[in-house]
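Throughout, protein chains are lettered first and strands after them, A, B, ... in sequence-line order, and every chain is numbered starting at 1.
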Protein chains: 2
Amino acid sequence: MFSKSCKYAIRAVLHIAAHTGGEKKIGAKEIAEALEVPKSFLAKLLQQLARHHLISSSKGAGGGFYLAPENQEVSLEDVIRCIDGEDLFTSCALGLPVCSSDKPCPLHCHTLAFRQSIEQMRSIPALAREIKEN
Amino acid sequence: MFSKSCKYAIRAVLHIAAHTGGEKKIGAKEIAEALEVPKSFLAKLLQQLARHHLISSSKGAGGGFYLAPENQEVSLEDVIRCIDGEDLFTSCALGLPVCSSDKPCPLHCHTLAFRQSIEQMRSIPALAREIKEN
DNA sequence: AGATAAAAGGATATCTTTGTCTTATTTTTA
DNA sequence: TAAAAATAAGACAAAGATATCCTTTTATCT
């Protein structure tokens, strides 16, 4: 479904959304410990997300990762595309070169439905709020 | 979503269902050429499927792979479980140790729906017939 | 019986993903 | 200004997935 990298990244972004705000930031180390994932590995994923402007970061003492105003509309789809590429959203689940509604593979409509259900999800901050409410 | 192995296996099984029947069998070489996938690699996948009784095989000249009567109810789910394991059907899409309807991850209901839509698909032979009708 | 055709199985090679370690760069703080 | 804290970046290691090759076993056909 998703690569391990992508799972880590999604969880990390949700954690950032839930645990930062205003001036508050959170370090890669702290995130890694909370999620119980390898720190250096996660750090690279966070760098990648930051380079693509899905999250924000600041260096130096007191620095860390956070969601700036321009990150508030970032979606799960954005994170997935950034880490795993667009395959999940574009290519056939069976790897067929041609697979469309005209000439669908047996899984075509199932994967399309899944795809769309992910595309329609709310923003990362909104998802983080939903989790907190439970 | 699926590993390359699993994609090959699914396509191969559908090809077998579509191109064999009665006494007719099909060799690994012929399947590999039709699907344009590496022959030796596919052969191992077919062996694995045969060991688990999802497909049948016979050795020697004129041998090959086919669907015996006891393979007629084999499903896509069976093939996926055989090659990729049961992760797709059991574990959380984000890799969380606990993720249930009580304490769902943000993707829980979406993956559940996808899972179920795969579980409800018809047998491999039935899917192969549907393809032929198009 | 011998030749041939095909699956079964094992060993090995290559590539990708995942994980670790070290150094550089930037920022804050004392 | 020096030390400390944090991200950024690069090299490398380990594990897993993918791919290839070779030998063995089994069945068929002449």
Side-chain angles (χ1 to χ4, degrees), chain A residues 1-13 16 19-20 23-33 35-68 80 82-85 87-88 95, chain B residues 1-13 16 19-20 23-68 71 80 82-85 87-88 95:
Chain A
M1 183 78 78
F2 305 121
S3 70
K4 227 163 169 179
S5 294
C6 196
K7 294 177 187 174
Y8 291 171
I10 293 171
R11 291 172 59 200
V13 172
I16 293 170
H19 292 88
T20 67
E23 285 301 294
K24 190 143 168 277
K25 294 160 192 163
I26 183 171
K29 190 180 164 201
E30 199 180 338
I31 302 174
E33 281 165 3
L35 307 188
E36 298 184 285
V37 307
K39 194 201 80 166
S40 303
F41 190 67
L42 178 65
K44 291 206 187 315
L45 298 172
L46 294 172
Q47 284 168 35
Q48 191 172 341
L49 294 170
R51 268 199 306 275
H52 286 80
H53 308 292
L54 302 186
I55 63 177
S56 300
S57 69
S58 71
K59 281 187 169 187
F65 297 91
Y66 61 103
L67 297 185
I80 296 168
C82 181
I83 302 296
D84 274 356
D87 273 18
L88 180 63
Chain B
M1 183 81 75
F2 305 121
S3 70
K4 225 163 170 181
S5 294
C6 195
K7 294 177 188 175
Y8 291 171
I10 293 172
R11 291 172 58 200
V13 171
I16 293 170
H19 293 88
T20 68
E23 285 301 295
K24 191 144 168 275
K25 293 161 193 162
I26 183 169
K29 188 178 164 204
E30 198 180 340
I31 302 174
E33 282 165 3
L35 307 188
E36 298 184 285
V37 306
K39 194 201 81 168
S40 303
F41 190 67
L42 179 64
K44 291 211 184 312
L45 298 171
L46 294 172
Q47 283 169 35
Q48 191 173 341
L49 294 170
R51 268 199 306 273
H52 286 81
H53 308 293
L54 302 186
I55 62 177
S56 299
S57 67
S58 71
K59 282 185 168 187
F65 297 91
Y66 60 104
L67 297 186
N71 304 128
I80 296 168
C82 181
I83 303 295
D84 274 357
D87 273 18
L88 180 63

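Per the geometry, CZ belonging to B:F41 stands 14 Å off P belonging to C:dT16, to the nearest Å. For the pair A:L42 CG and C:dT17 C1', the interatomic distance rounds to 16 Å; values are reported in whole Å. Atom-to-atom, NZ of B:K4 to P of C:dT16 comes out at 9 Å; the value is rounded to the nearest Å. In this structure, A:R51 places its CZ atom 9 Å from P of D:dA8, rounding to the nearest Å. Nucleotide D:dT7 holds its C1' atom 14 Å from the CG atom of A:L45, rounded to whole Å. Counting to the nearest Å, the P atom of C:dA8 and the NE2 atom of B:H53 are 12 Å from each other. Atom NZ in B:K7 sits about 13 Å away from atom C1' in D:dT18, given to the nearest Å. One atom, NZ of A:K59, and another, C1' of D:dA8, lie 5 Å apart when rounded to the nearest Å.
The two residues A:L88 and B:M1 come nearest to each other via the heavy atoms CD1-CE, 3.6 Å. Listed here is the closest heavy atom pair of A:L42 and A:A12: CD1-CB, 3.8 Å. Nearest heavy atom pair, residue A:L35 against residue A:Y8, reads CD1-O, 4.2 Å.
In this structure, A:K7 is not positioned above the aromatic face of A:F2 in the sense of NZ or CZ being under 6.0 Å from the six-membered ring centre and within 45° of the axis.
Both A:S40 and A:G63 lie close to DNA chain D; mapped to their nearest nucleotides by heavy-atom distance, the more 5′-ward contact belongs to A:G63. Closest-nucleotide positions on DNA chain C for B:A61 and A:A61 were compared, and the one nearer the 5' end corresponds to B:A61.
Checking the phosphate oxygens (OP1, OP2) of C:dT17, no side-chain nitrogen or oxygen of A:S3 falls inside 4.0 Å. Taking only side-chain nitrogens and oxygens, B:Y8 comes nearer than 4.0 Å to OP1 or OP2 of D:dA19. Between A:S5 and the phosphate of C:dT18, there is a side-chain N or O to OP1/OP2 separation shorter than 4.0 Å.
Counting any heavy atom pair closer than 4.0 Å across all strands shown, A:S57 reaches sugar-phosphate atoms only and no base atom. At the heavy-atom level, A:A43 lies nowhere under 4.0 Å from the strands shown.
Residue-to-nucleotide contacts include no donor-acceptor pair under 3.5 Å from the side chain of A:K44 to the base of C:dG19. Taking only distance into account, the side chain of A:K39 never meets the base of C:dG19 through a donor-acceptor pair shorter than 3.5 Å.
Around atom CD of A:E30, no more than 12 heavy atoms belonging to other residues, nucleotides or ligands sit under 6.0 Å away.
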